[in-house]
Amino acid sequence: MARPFDVSALEKKWQARWLDEGTYEVDNDDPRERYFALCMYPYPSGTAHQGHIRNYTFGDLVVRYQTMRGKAVLTPFGFDSFGLPAENAAIKAGSHPRLFTHARMAELKNSVRRLGAVYDWRREVFSHDPNYMKWAQAIFLEFFKAGLAYRAEAPVNWCPGCATVLANEQVNADGTCDRSGDLVERRNLEQWFFKITDYAEELLNDIDTLEWPERVKTMQRNWIGRSEGVEFELPFAHDPSRGLRVFTTRPDTGFGVTYAVIAPEHPFLEELTTNEQRAVVTSLVERASQESDLERTASSDSGAGLEKRGAFTGSFVVNPFTGESVPVYVADYVLGTYGTGAIMAVPAEDERDYAFAQVHGLPVVRTVEAPEGHVGAYAGDGPHINSGFLDGMATAEAKEAAAAFLEEHARGARTVNYRLRDWLVSRQRFWGCPIPVVYCNVDGIVAVPFEQLPVLAPDDVVMDKSGQSPLATHEGFRNTTCPTCGGPARREADTMDTFTDSSWYFLRYCDPFTPDKAFDPVEAAKWMPVDQYIGGIEHAILHLLYARFYLKALVDIGMAPGLTREPFKRLFTQGMIRLDGSKMSKSKGNLIAPEKYYDTVGADGLRLFHLFVGPPADDVDWTAQTEDVIEGCARFLDRFYRLSHYDECFFHDERTSEDDEVLREVHRTVAKVTEGMERWSYNTAVAALMELLNTVSKWARRPEGAHRATLDEALDLMIRLLAPMAPHLMAEMWEERHPGEPSVHATSWPEADPALVARESVVMVVQVNGKVRARLEVSPEVSEAEAAAAALASPEVQRFLDGEPRRVVAVPPRLVNIIA
RNA sequence: GCCCGGGUGGCGGAAUGGCAGACGCGGAGGACUCAAAAUCCUUUGCUCGAGAGGGCGUGCGGGUUCGAGUCCCGCCCCGGGCACCA
């Protein structure tokens with residue numbers, strides 16, 4: 001398509017200028033009001049795809065807009081440069097992940113520059129930079145010292161495709177790996193964990209203080225999964241001095257406990273299993289330990305399969321409410337890792353217990369009166385029955401009374417449980433930050449001394465997917481001496497989850513030059529918390545939860561004194577780009593590369609498309625029509641450019657009321673666009689500008705012409721409004737119109753003049769019985785009585801009136817509704 | 001199953017309880033042109049009507065209101081999250 005200007009030349013010119021002049025570099029002592037605008041730390045996957053383009057278009061818009069609003073905007077860029085794709089690609093190509101990564105970083109950097117997105121490149125951070133790794137490891141060791149990092153053996157998620165363990169957060173609901181899609185296996189391994197559960201309560205409570213999408217906040221609340229209840233003891237029938245501790249949120253249903261269940265991993269299982277039951281219990285436990293979570297949960301929907309999944313241990317415990325003995329079962333529907341790993345089972349009021357009881361022929365005793373005709377378990381509210389001292393009470397009251405009873409008679413205590421588990425950070429892969437500890441036969445786990453950081457992986461490591469950490473096979477790396485006793489020791493061979501890198505990079509951005517600290521808290525406090533964070537919804541739990549934990553922990557261990565405990569004040573999650581219904585991504589291979597558009601519509605045209613196509617939070621369907629919409633956006637820029645050259649315009653000298661009215665429309669648009677910028681309604685902001693261009697063009701091209709100075713004023717205002725959206729072309733047009741003056745990006749954001757925004761007269765709609773019958777010109781200040789009188793007097797309305805109206809509703813100056 | 005979103009023209013989407021469909025794409029017609037492209041102009045929810053004009057329309061069914069796309073109740077469908085968490 002022939003453009004009225006040379007897209008490529010013009011974009012190159014301005015991109016070079018922004019870079020050379022360091023236009024968007026800011027110093028920490030900048031006197032202006034501060035604003036920290038941040039797009040999520042990207043994994044360097046090569047040239048940008050449409051998802052990146054969308055992300056950086058929004059980010060750049062915020063940066064340029066806030067700059068025009070007079071703020072010092074911190075706009076850093078960097079790379080989440082450790083990770084599996086680089087390692088896998090290096091294995092395939094027989095090269096080193098660093099080479100692969102550097103090439104991809106250069107490509108992505110080039111892509112964002114071609115988009116015209118501006119950054120303070122001096123502050124660039126990337127995860128595999130030894131300068132960054134040093135502090136990543138120092139933080140790990142501080143966590144270790146504070147007891148927030150610990151080593152433990154636990155059943156963990158092992159992904160055969162990735163040849164490493166995963167965090168709970170990286171496993172999908174169906175038991176597959178979030179990254180590779182392979183079925184995740186359970187293995188018992190000794191691994192490093194971060195004690196994120198120490199922060200469960202605070203992570204949950206602080207969600208309320210965040211200006212985040214409700215959806216994301218809900219997802220985090222669900223993930224943390226707080227539940228209040230009572231932990232108490234069911235005494236063993238054979239030895240009442242001891243008992244089985246259980247957790248319940250429904251102590252009020254205690255009279256309905258007809259059996260108890262312990263998890264296959266429970267330490268008491270051995271003791272509680274009688275000889276007659278040993279064979280059946282052992283086979284159940286073995287099967288449970290081998291089955292994946294998917295297989296374990298596959299049969300959960302119906303009662304089918306429950307029989308196989310539970311067995312009687314042969315022992316009994318005493319229900320403290322009734323004094324009766326009830327059997328203890330082992331079943332894998334009870335998790336060893338939640339609560340106490342054992343439950344009281346109330347089949348009448350719990351669906352899972354009900355299904356199990358049906359299969360195993362266990363009694364069902366209702367303790368809450370279910371609604372008429374209710375079949376199966378009833379977990380709702382209702383008066384208590386068959387419940388001794390609880391009879392007649394409603395659920396809330398009964399819970400209270402039952403909890404008090406258990407505290408007194410069953411070593412009970414009110415407790416809170418969380419679904420959230422500690423964060424498993426060990427990874428059996430090469431391309432990550434090594435965990436900086438050594439193992440000594442004498443001193444045990446020993447931290448690598450600070451002076452020796454960073455611990456760097458040697459380059460000549462054999463990487464494969466055997467499942468063993470590649471570093472473990474490198475004797476030169478593995479064998480070391482103990483920092484404490486000087487004796488022989490072995491280095492930890494695992495690397496850290498790459499989510500640790502993205503959990504504090506924003507802090508380093510604030511103070512990237514400091515040589516002797518991860519970041520100076522005083523410098524970081526000048527920018528933190530992030531004013532606007534922008535990224536994909538896919539990070540709703542993982543990254544956003546981890547980063548919140550990191551900052552809280554960093555403050556508590558003294559590395560970030562004075563910082564607020566939440567990193568991201570406002571979050572915006574953009575929609576995904578879909579092609580044929582599925583998410584556009586490199587791994588799916590369904591990308592529409594942005595490059596082709598740079599040559600035709602240019603970066604500005606592509607940016608405008610992403611702003612215009614729909615609400616930023618919504619997904620974008622890339623269809624056959626999309627190309628046309630992109631063209632339409634470019635066409636708008638062309639038309640604006642031609643108008644700024646007075647193409648086909650006519651002029652007159654005396655300023656008329658029509659000229660005034662156009663200027664008023666311009667100011668109304670200033671107000672609309674500003675509002676759109678503030679509430680992330682970019683699509684309507686662009687629409688308002690398109691509408692204004694239509695108005696102004698039509699006016700300036702009338703045979704009777706336009707007032708020249710008014711047109712110039714309109715053009716200048718429009719260029720400023722469009723500057724954050726189409727930065728190259730607006731810079732060019734501004735320079736043409738104002739040679740020798742500062743760039744449009746250095747001007748301030750226009751303010752609408754309230755006197756011009758206000759209207760002298762407005763159209764009032766007159767309805768008869770809710771149907772529009774007339775439109776009247778009235779003053780905006782018209783009173784209710786005046787409006788009603790004018791409406792009734794109008795001849796169009798009279799036609800529909802037959803005598804006195806029954807009622808007149810006047811909403812001046814918008815509308816009058818006459819009920820006939 | 002539970003918890004969030006969301007259902008508006010041929011399409012993407014607009015609408016502080018007050019003219020439904022802004023803006024754009026696509027379509028139709030026209031101007032310019034030998035012709036085409038580009039550009040510009042007009043038109044474009046459905047429907048009845050020659051016309052003036054009328055009727056119907058925001059997933060479905062109710063309700064509140066002078067007035068509902070918007071609020072309330074009950075459903076249906078789509079997208080996402082969680083899912084033996086006791």
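Both backbone and side-chain heavy atoms feed into the values below; hydrogens, waters and symmetry mates do not. Here is the naming used below: chain letters follow the sequence lines, and residue numbers restart at 1 for every chain.
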Item to check | Strand-adjacent residues in residues 778-786 of chain A, judged by heavy atoms under 4.0 Å from RNA chain B | outcome: none
Item to check | Nucleotide of B/rC25, B/rC82, B/rC23 approaching A/V629 most closely (side-chain heavy atoms) | outcome: B/rC25
Checklist entry - Rounded to whole angstrom units, what separation is found between the CZ atom of A/F5 and the P atom of B/rA38? => result 17 Å
Item to check | Separation between the P atoms of B/rG9 and B/rC2, rounded to whole Å | outcome: 30 Å
Next on the checklist: Rounding to an integer number of angstrom, what distance separates B/rG67 and B/rC56 when you compare their P atoms?
Outcome noted: 16 Å
Checklist entry - If each of A/M576 and A/T340 is mapped to the nucleotide of RNA chain B with the nearest heavy atom, which maps nearer the 5' terminus, i.e. the 5' end? => result A/M576
Next on the checklist: Run the ring-ring contact (aromatic ring centres under 6.0 Å, His included) test against A/Y338 and tell me which residues pass, sequence neighbours left out.
Outcome noted: none
Next on the checklist: Tell me the interatomic distance from A/R221, atom CZ, to B/rC4, atom C1', rounded to whole angstroms.
Outcome noted: 11 Å
Checklist entry - For the side chain of A/R701, counting heavy atoms from C-beta on, which of B/rC40, B/rA86, B/rC23 is nearest? => result B/rC40
Next on the checklist: Going by side-chain contact (heavy atoms from CB on, under 4.5 Å), A/S794 matches just one of A/V766, A/V816, A/L776. Which one?
Outcome noted: A/L776
Checklist entry - Should B/rC82 form a Watson-Crick or G-U wobble pair with both distances under 3.5 Å, which nucleotide is its partner? => result B/rG1
Checklist entry - Separation of A/I541 atom CD1 from B/rC3 atom C1', in whole Å? => result 12 Å
Checklist entry - Hey, mind stepping through A/E211 and A/K217 against salt bridge (Lys or Arg N to Asp or Glu O under 4.0 Å) and telling me if it holds? => result CA-CA 9 Å; A/E211 293 172 54; A/K217 296 207 273 189; over 6 Å; no
Item to check | Rounded distance (Å) that lies between atom P of B/rG81 and atom CE of A/M219 | outcome: 7 Å
Next on the checklist: Would you measure the distance from the P atom in B/rG59 across to the matching atom in B/rG53 and give it in whole Å?
Outcome noted: 30 Å
Next on the checklist: Tell me whether the side-chain N/O atoms of A/R807 come closer than 4.0 Å to OP1 or OP2 in B/rU65.
Outcome noted: no
Next on the checklist: Suppose you measure atom C1' in B/rU33 against the same atom in B/rA38; what distance do you get, rounded to whole Å?
Outcome noted: 11 Å
Next on the checklist: Give me the distance, rounded to whole Å, that separates B/rC11 from B/rC66 when you measure between the C1' atoms they each carry.
Outcome noted: 36 Å
Checklist entry - Mind checking the C1' distance from B/rC3 to B/rG69? Whole angstroms is fine. => result 25 Å
Checklist entry - Which word best sums up how the rings of A/F356 and A/Y333 line up, parallel for under 30°, tilted for 30 to 60°, or perpendicular for over 60°? => result tilted
Item to check | Test salt bridge (charged side-chain N to carboxylate O under 4.0 Å, His left out) applied to A/E201 - qualifying residues, sequence neighbours left out | outcome: A/R226
Checklist entry - Considering residues, nucleotides and ligands other than A/R639, do more than 12 of their heavy atoms fall under 6.0 Å from its CZ? => result yes
Item to check | Nucleotide nearest A/S227 (side chain, heavy atoms from C-beta), chosen from B/rA86, B/rC25, B/rG79 | outcome: B/rA86
Checklist entry - Who passes salt bridge (charged side-chain N to carboxylate O under 4.0 Å, His left out) against A/D604, sequence neighbours left out? => result none
Checklist entry - Does A/R419 make a side-chain N or O approach to OP1 or OP2 of B/rA83 shorter than 4.0 Å? => result yes
Item to check | Heavy atoms from other residues, nucleotides or ligands near CD of A/E351 exceed 12 (cutoff 6.0 Å) | outcome: no
Item to check | OP1 or OP2 of B/rC40 under 4.0 Å from side-chain N/O of A/R642 | outcome: yes
Checklist entry - Which one, B/rA86, B/rC82, B/rC23, comes nearest to the side chain of A/Y338? => result B/rA86
Checklist entry - When you compare B/rG49 with B/rC32, how far apart are their P atoms, in angstrom units rounded to a whole number? => result 36 Å
Next on the checklist: Rounding to an integer number of Å, can you tell me how far A/N222 CG sits from B/rC3 P?
Outcome noted: 10 Å
Checklist entry - Using a cut-off of 4.0 Å on non-hydrogen atoms, how would the nucleic acid contact of A/T626 be classed: base, sugar-phosphate, or nothing? => result nothing
Checklist entry - Once you round it to whole Å, what is the distance between C1' of B/rG79 and CG of A/D621? => result 11 Å
Checklist entry - Base, sugar-phosphate, or nothing for A/G632, non-hydrogen atoms under 4.0 angstrom? => result sugar-phosphate
Checklist entry - How close or far is atom C1' of B/rG24 from atom CZ of A/R639, stated in whole angstroms? => result 11 Å
Checklist entry - Is it true that A/D628 and A/R635 have a side-chain N and a carboxylate O under 4.0 angstrom from each other? => result no
Item to check | Summary of protein contacts for nucleotides 5-20 of chain B, nucleotide by nucleotide, where a base hit scores B, a sugar-phosphate-only hit scores S (4.0 Å, heavy atoms) | outcome: -----BBBSSSB-BB-
Next on the checklist: Counting the atoms with a prime plus P, OP1 and OP2 as sugar-phosphate, which does A/R773 contact under 4.0 Å by heavy atoms, base, sugar-phosphate, or nothing?
Outcome noted: sugar-phosphate
Item to check | Span that lies between the C1' atom of B/rG27 and that of B/rG63, in whole angstrom | outcome: 41 Å
Next on the checklist: How long is the straight-line distance from CG of A/N769 back to CD1 of A/I819, given to the nearest 0.5 Å?
Outcome noted: 5.5 Å
Checklist entry - How many Å lie between CG on A/D638 and C1' on B/rG24, as a whole number? => result 15 Å
Checklist outcome for this item: As its Watson-Crick or G-U partner within any shown strand, both distances under 3.5 Å, B/rA50 has none
Counting only pairs under 3.5 Å, give me each side-chain donor-acceptor contact of residues 670-678 of chain A, with atom names and distances, residues two or more places apart or in other chains.
unit_1 : atom_1 : unit_2 : atom_2 : d
A/T674 : OG1    : A/V670 : O      : 2.7
A/T674 : OG1    : A/W749 : NE1    : 3.0
A/E675 : OE2    : A/R679 : NH1    : 2.8
A/E678 : OE2    : A/Y65  : OH     : 2.6
A/E678 : OE2    : A/R69  : NH1    : 3.3

Next on the checklist: Need one value for A/D353: base, sugar-phosphate or nothing, where a base atom within 4.0 Å counts as base even if backbone is also close, heavy atoms only.
Outcome noted: nothing
Checklist entry - What do you reckon, are the aromatic ring centroids of A/W223 and A/Y546 less than 6.0 Å apart? => result no
